[in-house]
Amino acid sequence: MINNFITDQKAKLTVEGKTYEFPVIIGSEGEKAIDIRSLRQETGYITLDTGFMNTGSCGSEITFLEGSNGILNYRGYTIEDLAENCSFVEVAYLLLHDNLPTQAELDHFKMLLSRFALIHEDLIHFFDHFPPNASPMAILSSMVNSLSNFYPEMTENPLENIDKNAARLISKVRTIAACTYKKSLGSPLVYPRHDLSYCGNFLNMMFDSPVKPYKVNKEVVAALNKILILHADHEQNCSTSTVRLVGSARVNLYASISAGISALWGPLHGGANQAVIEMLEAIYNEDGNYNKYIERAKDPNDPFRLVGFGHRVYKNYDPRAKIIKKACDEVLAILKTSDPLLDIAKELEEVALNDDYFIKRNLYPNVDFYSGIVYRAIGIPTNMFTVMFALGRLPGWIAHWKEMWDDPNWRIGRPRQVYVGPKKRPFVPVEERG
Ligand code: CMC
């Protein structure tokens, strides 16, 4: 597919007095790339690009992201349109396929999500053997990996029933996430119900109790839908690249997604949403004095970063942050509640956006700056925030895994390195080592 975008233009590279030409690729939204797939073979050189700041690992038809203008589109649809008009299930379908579903396709996908919502009863016993304070991300990652033992058909012919397997995973991860929470409380598990929507079911499994039935609130469902849509894909970020890289070794979908969940856990990636709230709480407990945090973030000798600020790709603004900030105000108004952390977040944003340090480095609030405040408002505990991110990102991971698996140009992912260790030296027997 990527080969269809090779142009007649050439990029020239001169090394050791010899000039080589490499094709220029221009993507469907104008992204320019130099195709160096034959570089090492032709020149004997490799490229060095720590952190992959300039390296495209694949061609993809799923998501377009343009950092300088804050653009994020899934399969050609803007994130603003999707967040305003769609359910998360429609967007999940869109990511997995080329188009938004027709009504019949949507009904079928919803039916699959309902059909696969239960998890095997043996899996439920797994929850009993994690220590009481186990991290929900560790539990989620282990449980998703274990699914490969319960549903081995995925390992045999993964693309044959991808719709079914994607729905199974999307549905079961939601059930596992809610069970993780219930187990952490020592409360009875709540089973999924066929009469509830994807998000409604999740909220019910999280908050229903035999002594206090939960009433699914449609505004809360709408807010959750929006937030999951905003997280549903973000092209080749750390966790998605992990899913692709692990999957490129032809490991099954569950193991690949489990690896993606582990990558997402990191505080520089999905773990940032939890870290933001912890930072805002710390500021609140210190009488709202955020200046100390701004100063620490600016100090080159302090590793502290203002969590929820900055992004590898967005250098103008994160379009998701804009939508979440608005959703945050709406949810608090609908639930007739207020959150002092939201006031601190807004003040902190204001100060940072007018500070030279942040202006020069193009540091703006990212998606995680406000998402935690929405989660808090709807009752999700802080240690579940990154699990919420995983729920949202799941369709994106599956779509990338599928695309990678289906790619005729597929190769196992295997970066190179520049060795800078000791040169070849003679072996020294242990008794002679000084
Ligand atoms: N606070 C203070 N300074 C920062 C921050 C921050 N949040 N982010 C970047 N910088 C500074 C950094 O110190 C560096 O300064 P200098 O040029 O003086 O050395 C400069 O800005 C460039 O930073 P970088 O580390 O080269 O940027 P990166 O593209 O490698 O990192 C990032 C991107 C998101 C990891 C980083 O901005 C960060 O650590 N942010 C805080 C964590 C966070 O909110 N993560 C969630 C990201 S959005 C959700 C997701 O997609 O996972």
Side-chain angles (χ1 to χ4, degrees), residues 49-55 62-63 65-68 70-72 74 79 137 227-243 259-280 282-283 290-325 345 348-375 382 385-397 400:
D49 186 21
T50 321
F52 310 121
M53 309 273 285
N54 310 285
T55 297
I62 303 168
T63 288
L65 201 171
E66 212 267 87
S68 45
I71 296 172
L72 174 62
Y74 300 159
I79 193 66
M137 286 300 276
I227 218 163
L228 294 181
I229 290 171
L230 296 178
H231 285 88
D233 194 41
H234 216 228
E235 52 118 293
Q236 308 308 320
N237 55 83
C238 178
S239 55
T240 304
S241 299
T242 301
V243 169
I261 292 170
S262 298
L264 187 75
W265 193 357
L268 296 189
H269 190 13
N273 56 12
Q274 177 171 340
V276 168
I277 290 297
E278 286 163 355
M279 179 181 77
L280 294 174
I283 296 174
Y290 45 76
N291 288 321
K292 186 178 102 190
Y293 290 82
I294 300 262
E295 290 317 311
R296 281 191 66 192
K298 287 160 53 174
D299 181 351
N301 300 316
D302 189 332
F304 174 79
R305 287 190 164 191
L306 201 59
V307 207
F309 266 74
H311 198 274
R312 168 60 61 81
V313 186
Y314 296 121
K315 299 298 177 195
N316 182 331
Y317 67 90
D318 180 340
R320 304 167 300 172
K322 259 193 183 172
I323 301 172
I324 290 206
K325 187 178 178 186
L348 198 58
E349 177 183 348
E350 184 67 26
V351 171
L353 291 184
N354 288 300
D355 187 298
D356 259 8
Y357 174 93
F358 293 87
I359 295 171
K360 273 198 191 123
R361 289 168 182 75
N362 296 314
L363 299 171
Y364 295 85
N366 58 47
V367 68
D368 286 328
F369 195 62
Y370 288 104
S371 62
I373 296 171
V374 180
Y375 292 142
T382 314
F385 287 3
T386 315
V387 169
M388 300 305 297
F389 195 152
L391 274 189
R393 185 56 52 88
L394 187 54
W397 287 333
H400 281 275

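No experiment lies behind these values; they were computed from the predicted model shown. When reading the values below, keep in mind they use all heavy atoms of this one structure, side chains included, and skip hydrogens, waters and symmetry mates. All ligand and atom numbering here is 1-based and tracks the order in the structure.
Residue, atom and distance of the protein heavy atom nearest to atom 8 (N) of ligand 1 are Leu363 CD2, 3.6 Å. Looking only at heavy atoms of the protein, atom 23 (O) of ligand 1 is closest to Arg305 NH2, 4.0 Å. The protein heavy-atom contact nearest to atom 49 (C) of ligand 1 is Asp368 OD2, 3.2 Å. Here the heavy atom of the protein found nearest to atom 20 (C) of ligand 1 is Arg361 CD, 3.7 Å. For atom 33 (C) of ligand 1, the closest non-hydrogen atom of the protein is Arg312 N, 3.7 Å.
The shortest non-hydrogen separation linking Phe389 to Tyr375 is N-OH, 4.2 Å.
Those atoms of ligand 1 with a heavy atom of Ala272 less than 4.0 angstrom away are 43 (C), 44 (O), 45 (N), 46 (C).
A search for side chain to side chain contact (heavy atoms under 4.5 Å, CB included) contacts involving Asn316 returns nothing, not counting sequence neighbours.
Looking at Leu268, Val307, Asp302, it is Leu268 that brings a heavy atom closest to atom 35 (C) of ligand 1. Checking Pro267, Gly310, Gly51 against atom 42 (C) of ligand 1, the nearest heavy atom belongs to Pro267. Remark: among candidates Val313, Thr240, Leu306, the nearest residue to atom 1 (N) of ligand 1 is Leu306, based on non-hydrogen atoms. Remark: among candidates Gly67, Ser371, Gly308, the nearest residue to atom 44 (O) of ligand 1 is Gly308, based on non-hydrogen atoms.
Tested against Tyr314 for a side-chain contact (heavy atoms from CB on, under 4.5 Å), the candidates Leu72, Ile71, Asn362 yield a single pass: Leu72.
A donor-acceptor contact closer than 3.5 angstrom is absent between the side chains of Asn366 and Asp318. With no hydrogens or angles considered, no side-chain donor-acceptor pair links Ser371 and Asn273 at under 3.5 Å.
Heavy-atom distances between Tyr357 and ligand 1 reach below 4.0 Å in at least one pair. Heavy atoms of Asn237 come nearer than 4.0 angstrom to ligand 1 in no pair at all.
Using a 4.5 Å cut-off on side-chain heavy atoms (C-beta onward), Phe358 and Leu353 make no contact.
Checked for salt-bridge contact, Glu295 and Lys298 meet the test: a charged N lies under 4.0 Å from a carboxylate O.
Listed for the Arg305 side chain is no donor-acceptor partner under 3.5 Å among the backbone atoms of Gly310.
For atom 27 (O) of ligand 1, no protein non-hydrogen atom is found at a distance below 4.0 Å.
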